[in-house]
Structures are given as C-alpha cells and as structure tokens.
Amino acid sequence: MTFSRDIFFRKSKLMNRNMEKFGEKMENLNQLLAVKKQKLEKLKVLGVDPYPTRSFRTHKIKVLINNKNDFISSEEVVTITGRLKTMRRQGKVGFGNITDDSGNLQIFVKKDTVGEENYEIYKLLDLGDFVQIKGVCFNTQRGEFSLRAHVVTVLGKSLLPLPTVKEKIVDGKKQRFDEFTDIELRYRKRYLDLLLNPEVKKNFEIRAQIIKEIRSFLDEKEFMEVETPILQPLYGGANARPFVTHHNTLNVDLYMRIALELYHKRLIVGGIERVFEIGKNFRNEGMDRTHNPEFSMLELYQAYADYNDMMDLTEDMVVHIAKKVNNKEAVTFGDTEISFQKPWRRASMIDLVKEESGFDAADFDFEKIKSFCEEQGIDVENTAGPGKLIEALFEKFVEPKLVQPTFVIDFPKEISPLAKVKPGHPNLTERFELFINGNEYGNAFTELNDPIDQRQRLEAQSKLREMGDVEANVVDEDFLEALEYGMPPTGGLGIGIDRLVMLFTNNTSIKEVIFFPQMKPEE
RNA sequence: GGGGGUGUAACUCAGCGGUAGAGUAUCUGCCUUUUAAGCAGAGAGUCGACGGUUCAAAUCCGUCCACCCUCACCA
C-alpha cells in the first residue's frame, strides 16, 4: 500500500512524527481507498480484470454526436471508450456520462439489456473509472442523445476519488457547482485541473496552435528549425543570472542557457542562412505573474537582413497567428481591443521618452540625465551610464502607455552589447523591442557581426560584471572566434512564447499557460 | 524582500473563545428514461505546522510553511 498518494500527501508529515497515531488514522483516511479496493476485489471475483491490456473502440464520441440521426436510424452497434464523469443510478437502470478527448456522451445502462452479470459490473463502477461501452444510439424520453449499453467493460479503475464538479444548464448557460478552483491545487495537480476545468485545456490547445502556426509560417519562409545546447559551458545572449549544474564525467560546471542567440549566430556563420528554434530558456531570477524560471522563446536569425526586415517579419507572423487562432487581425485582452493591422507604430526610444516625459535625452549627457532621473525618484545604480538611465526613463514613462503593438526602436548601445550601431548615431543601435499592452513581447537587432567591436562590447560588459552587475554578459571566446571567421549581415528576433499565448488566451498569469509552472516544494 | 489576503471532511464552503457544521462525493436501503436525479439513513476532520494566553483555542497572540494579490527586484 502506498501512503504517499495524493489525498494522503499532506498528512505525510504525520508519518515522521507519530507513526502509531498515523497508523490509527489511516483507518479513517483510507476509507475511500478501502471501498475502492473492495470493489476491485469484487470485480476479480466476477472474473473481471480491472486493468485489461487491450481496449477497443469504433468511434470517438464527437463522431456519434455529429451524426446523431444516422446512428439512431441505422441502429449500428458502436463502441466508445472514455472516463466515467457522472453517474445517476436508479435501481435496475442507470445513466452516466462518458468523456473522451472529443466530447461527452450520456450512456444508459439497463439491467434487462446488459444482463444480470454485466449489470453487477456496472454497479461496481466509480466516477473516474475508464470504461468501454458497446451499444446502440438512441434518444431518451427527455430527448437526450445517448448510448444504450449492451456491454459495459472496465478499462481502468480509479483508486482516488475525483473532486466533484457538477454542472447544470440554466437558460442554455452552464452553471457549475463545487468547482475545482483552488489555484495552488490546480497548478500542483494539473491533471485534475485539465480533467475538471475544460477551459484550461482550451488555453493549452491555443498554445499548441500558436506554436504550430509559428512553425508553418517560418517553414513557408524557408527557415530551418534547429536545436542548440541547453547545457552550455558559458551562457550569453541576454542579461540574466543563470542556473548552474555539473557534469560528472567531464567534471565541469555547466550553465542552463538563458538565450539561444550565440549558438544561432554560430549556425549563421556556418552558412545556414535562416534558422529558428522554439525552446526553453532558464533564468535564475524572481518569479511573478509574467516570469517563470523556465520559459519558452522563439529565436530566429536571417542572413542578409536587418532589424527593419525583422519588424516586417514580426508583423506578418503575428498577423498570421491572429488570423489562424482568432480568425481576425485583432485580439481582445481584458477590456482592451488590440489591433494587429499593419503597419504597427515604429518610434525611437528617445523620442518616446521625450513625448511622455518632456525630457530630451538625445545628447546622452550623463549628468543631465542622471539629475533628471534623481528628480523622478529613479534609483541610479553605480554601473549605470546614460543608456541605462534612458531605459529606466522609458520603463517609467513610456512602457505602460504602449497598448497597441509598437516597435520601440534604436536602443542605447550601452545596453545592447550584441546589436550593431546605428549608422550616424554612435550611441544607438539598430535594435527594437515589441510592446503590446505595456509588456515586452519581442526583442530584435541588426546583429553585430564586427568581431572587433563585439569583443570590445563584451569586454565592457565584463567590466560591469566586475563592478557588481551580476547580469552583465560574459566574454565567450568561442563565440568571438566564430565571428572572426566572418558572419554575414544578419537580422535576429526573439519572441516570448508564453506571453504571446497569454495575450491570445486572455490570461494575466504565466502560470495559466505553462502546464507545470514552478512551485515551491510542499515540504 | 515589504504590505495585504487565504489555509476547516476527497471537493466547495460556513463557523471566529465553550469542545466540529452544511452541500456535493463515499457507503447502506428504496427506485427500469435520469441529468446538480430523488427519498431515508450512516461513516468520514491532529480546523496548514509549531509555540503562547486561557478553566477552555478552529476561533485570540507570536513564529514558521504554502498559495494568491500588490510593490520592489528582474529584459
């Protein structure tokens, strides 16, 4: 007997503390389990294997529902499989609802029809059990399309009771009772969440669809999907603190990647002109509504392109997703209607700061910017230069106002160590971030392909690191060497998949779009 | 890390100093077209953990844990 199973999980501390008392208590705690086990035994006595090796079905439930009249008039004998979700038994007859991943169908089991022995088996069923029902479709007296069982077969007994959620249809609207809503339980036991809250599954279906559409869009544009290392001897491509792990055989520490960027650029060097990857990044940082320590990114790199091309590509890709997922070039998030109609606004960071704060930072005058920041109550870190302060002003004054899709372009060079300088503007780079609804959704550059400049930039980052900036980039000699062999002019783009899914599913928490979000251990 | 909130039966919750409650689920009985099926009955809880105050704590106080919200941090 396993005591560590779900409903006893919380009680397990007791086991350490007081074994005897726990033993007594288990009598009570086990009651539900014991009942189910008794049923298992009874099934075995009846010669029924509660966990048979084979199952069989002729139709998914949706097929029956979509062709009700045909199945009723033909009286075709069909077999469905699924989980028993509700049960209404009354003496020598009973009803229940079976769900498979396509739908939900009422079954009608009558003692006279299935026979005495099979009816005994039916009576031993519990909510949550997997069953196979062979029978014929018909309409009940109340007019509900149902399956009249000829044979009830057990496919898998459940031992733990599913939380009970009941539904009633009032004026065509579903009313739910005793919903499974405890957020902590929903995240920790996502399988129950999926089972009991159908709209949760919908979120993840949209997620899958978005990813599928990204793939087909990029495939159409002849991007090659690649896989690059998650375990890396050095990390880079973003400003973030990494997770560290250890490889025993090599006896080296390895980092979990924080970005895909540097390996993709190596592939561009290698002559693959268009690459993309959808994968997990890992950042050892704070968690909140929009941050999970592991999260999904799309990165793509295109040779002979620049950040203007990346803006066009981003527009086209998001419009493509919106049309496929939402059937229109727009999405409603909360009360806000977001329009993806091209073209999206493109405005420089410095112009936007000036527009919203009245402050002109175009001259990069450090003392001037610093005193304005201090006036505005912005903390000035000791490693901050004018570029970082401009970004801070941007975050404070501009970010929350960018509701409709906006490309914020031309970031300070100081905070963009992997982006190419904007011609004629030594303090700026050809970089943009995409903002929607006040949140960042993407980041892109005309990629820096000058190995000498790149080395200087990484060395400058390294100095910041020495001064205490734990998120500054590290110098990656192997990457620099690749650049020295020559990288073509390249445009690169990163899109946060989770946030995009949040946008299209109208969710404000990243935990709603990640099946198993990071949670603290329970003990 | 700061502030606020929540934690009671398998699920949803009530109780907020006098020794544990409801509905659902489970079990028993009745019921051959129900659908939140119904009727009658039963069992089921270290009231998140630890400590304190009190004759008496689910309830008051403190500490801790988990989760949620919010601010800070963080591309």
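Please read all numbers here as calculations on a predicted model, not as lab measurements. Proteins come first, then strands; the chains are lettered A, B, ... in the order of their sequence lines, and each starts at number 1.
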- Query: Taking the same atom, P, in B:G62 and in B:C27, what whole-Å distance lies between them?
  - Reply: 45 Å

For nucleotides 69-73 of chain B, which of its nitrogen or oxygen atoms have a protein nitrogen or oxygen under 3.5 Å away, and what is each distance?
unit_1 : atom_1 : unit_2   : atom_2 : d
B:U70  : OP2    : A:Arg289 : NH1    : 2.5
B:C73  : N4     : A:Asp288 : OD2    : 3.3

- Message: Checking A:Ser102 now: which residues fulfil side-chain contact (heavy atoms from CB on, under 4.5 Å) with it, not counting sequence neighbours?
- Response: A:Lys60, A:Ile61, A:Lys62, A:Asp100

- Residues in side-chain contact (heavy atoms from CB on, under 4.5 Å) with A:Glu433, at least two apart? A:Phe411, A:Arg431, A:Phe435, A:Glu440, A:Asn443

- Query: Does any pair with a residue in residues 458-467 of chain A pass side chain to side chain donor-acceptor pair (under 3.5 Å), and if so which ones, sequence neighbours excluded?
  - Reply: A:Tyr235-A:Arg465, A:Gln461-A:Asn473

- Can you find a donor-acceptor pair, distance only, under 3.5 Å between A:Thr86 side chain and B:U35 base? no

- Message: So, using side-chain contact (heavy atoms from CB on, under 4.5 Å) as the criterion, who are the partners of A:Lys110 when residues are at least two apart?
- Response: A:Val93, A:Phe108, A:Asp112, A:Thr113

- Item | Whether A:Glu315 side chain and A:Trp344 backbone form a donor-acceptor pair below 3.5 Å | yes

- Message: Tell me whether A:Asp126 is salt-bridged to A:Lys157, with the criterion being a basic N under 4.0 Å from an acidic carboxylate O.
- Response: yes

- Base-pair string, RNA chain B, Watson-Crick plus G-U, cut-off 3.5 Å on both distances, | for inter-strand, is ((((((((.[[[[.)..(..]]]].(((((.......))))).....[[[[[..)....]]]]])))))))....

- Side-chain N or O of A:Arg88 closer than 4.0 Å to phosphate OP1/OP2 of B:U34: no

- Query: Closest approach of A:Glu391 and A:Met349, non-hydrogen atoms and distance?
  - Reply: CA-SD, 4.3 Å

- Contacts of type salt bridge (Lys or Arg N to Asp or Glu O under 4.0 Å), residue A:Lys166, not counting sequence neighbours: none

- Taking salt bridge (Lys or Arg N to Asp or Glu O under 4.0 Å) as the test, write out the residues that go with A:Arg190, two or more places apart. A:Asp193

Atom pairs, protein N/O to nucleotides 5-7 of chain B N/O, distance under 3.5 Å:
none

- Message: Assuming nearest nucleotide by heavy-atom distance, tell me which of A:Glu391 and A:Asp112 is located more 5' along RNA chain B.
- Response: A:Asp112

- Query: Any side-chain N or O of A:Arg142 less than 4.0 Å from the OP1 or OP2 oxygen of B:U34?
  - Reply: yes

- Note on the structure: A:Lys134 meets the side-chain hydrogen bond (donor to acceptor under 3.5 Å, both in side chains) criterion, sequence neighbours left out, with none

Which atoms of nucleotides 23-27 of chain B (N or O only) lie under 3.5 Å from a protein N or O atom, and what are those distances?
unit_1 : atom_1 : unit_2   : atom_2 : d
B:G23  : N2     : A:Asp178 : OD1    : 3.2
B:G23  : N2     : A:Asp178 : OD2    : 3.2
B:U24  : O3'    : A:Lys166 : NZ     : 3.4
B:U24  : O2'    : A:Thr164 : OG1    : 3.4
B:U24  : O2     : A:Thr164 : OG1    : 3.4
B:A25  : OP1    : A:Lys166 : NZ     : 2.7
B:C27  : OP1    : A:Lys39  : NZ     : 2.4

- Item | With A:Ala392 via side-chain contact (heavy atoms from CB on, under 4.5 Å) - residues at least two apart | A:Ile378

